[in-house]
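Indexing begins at 1, ligand by ligand and atom by atom, following the structure's order.
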Amino acid sequence: MPDSLTPPAPGLRVLLDRASVPPKTMREPAPSPADLETAVSAALRAPDHGGLRPWRFVFVEGAARHALGDLFVASALRRAPDTPPEHLEIERAKPLRAPLVVVAGASIRYDRPGVPPWEQEASAAAGAMNFLNAIDAMGYAAFWASSETLRDPVAKVALGFRETDTMLGWIYVGTAPADRPHPQRPGPEGFYRHWQPGPGA
Ligand SMILES: Cc1cc2nc3c(=O)[nH]c(=O)nc-3n(C[C@H](O)[C@H](O)[C@H](O)COP(=O)(O)O)c2cc1C
């Protein structure tokens with residue numbers, strides 16, 4: 001290991017210390033427009049096979065979060081018209097937990113057989129992770145959440161995606177409470193191995 005990695009270089013410290021912050025503990029403010037642009041710039045550093053630039057981020061803040069809650073409810077009702085009212089209210093309130101909800105998505109090209117959709121989704125997910133790391137590095141809070149609404153074609157179109165695009169997550173963003181989480185992390189052992197060719201290779 002190069003000397004510069006022991007102790008970790010500042011950039012690595014950010015990666016090693018990142019932790020999600022539960023949306024219900026988030027507070028104002030959301031990152032400034034300039035900080036959000038920085039986070040998107042970090043997303044654009046993700047590997048990108050074929051230069052397809054699949055990364056897409058939709059910012060939902062302020063009153064628009066109420067409309068997103070309505071969209072969650074409508075989507076739940078399309079899936080299950082008999083959803084109990086109390087579950088609908090949980091859906092409706094979800095976007096209000098954080099100052100900003102970022103819809104992270106992938107704009108998928110189907111005319112590039114050499115770059116299958118999963119690679120484009122992987123690039124967009126790597127971008128979303130860079131976005132999360134950047135938000136964390138700037139001292140804000142972020143949480144990547146999902147729900148069945150991500151796969152709802154009507155919701156995709158309402159949020160400005162195409163039905164054939166992929167919505168990857170709802171990234172809740174805000175300011176962390178003073179006691180932001182510092183979860184215990186497993187060591188790297190057990191998550192990697194060195195391969196050697198066996199007799200059949
Ligand atoms: C694609 C994706 C979807 C996720 N969806 C949810 C979710 O809907 N609800 C949830 O509690 N955690 C979800 N998580 C996990 C949280 O974002 C977070 O990683 C987890 O709470 C552990 O915290 P940590 O990131 O600090 O390890 C999701 C993570 C990913 C990558």
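Close approach to R185 involves these atoms of ligand 1, each under 4.0 Å from a residue heavy atom: 24 (P), 26 (O), 27 (O).
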Salt bridge (charged side-chain N to carboxylate O under 4.0 Å, His left out) evaluation trace for K94 with E91: CA-CA 5 Å; K94 276 181 180 174; E91 285 297 309; 2.7 Å; yes

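Salt-bridge annotation for D165 and R56: absent, with no side-chain N of the basic residue lying under 4.0 Å from a carboxylate O of the acidic one.
Not a single heavy atom of M129 sits less than 4.0 Å from an atom of ligand 1.
A distance-only check finds a donor-acceptor pair linking the side chain of R27 to the backbone of A176 [under 3.5 Å]. Side chain of N133 to backbone of L15: no donor-acceptor contact under 3.5 angstrom is found.
Atom 28 (C) of ligand 1 has its closest protein heavy atom at W144 O, 3.1 Å. Of the protein's non-hydrogen atoms, the one nearest atom 9 (N) of ligand 1 is F143 CE2, 4.3 Å. Among protein heavy atoms, the minimum distance from atom 3 (C) of ligand 1 is reached at S146 OG, 3.6 Å. Given atom 22 (C) of ligand 1, the protein heavy atom at minimum distance is S20 OG, 4.4 Å.
Sorted by first and then second residue, the pairs that involve residues 35-45 and meet side chain to side chain donor-acceptor pair (under 3.5 Å), not counting sequence neighbours, are S32-D35, D35-Y140.
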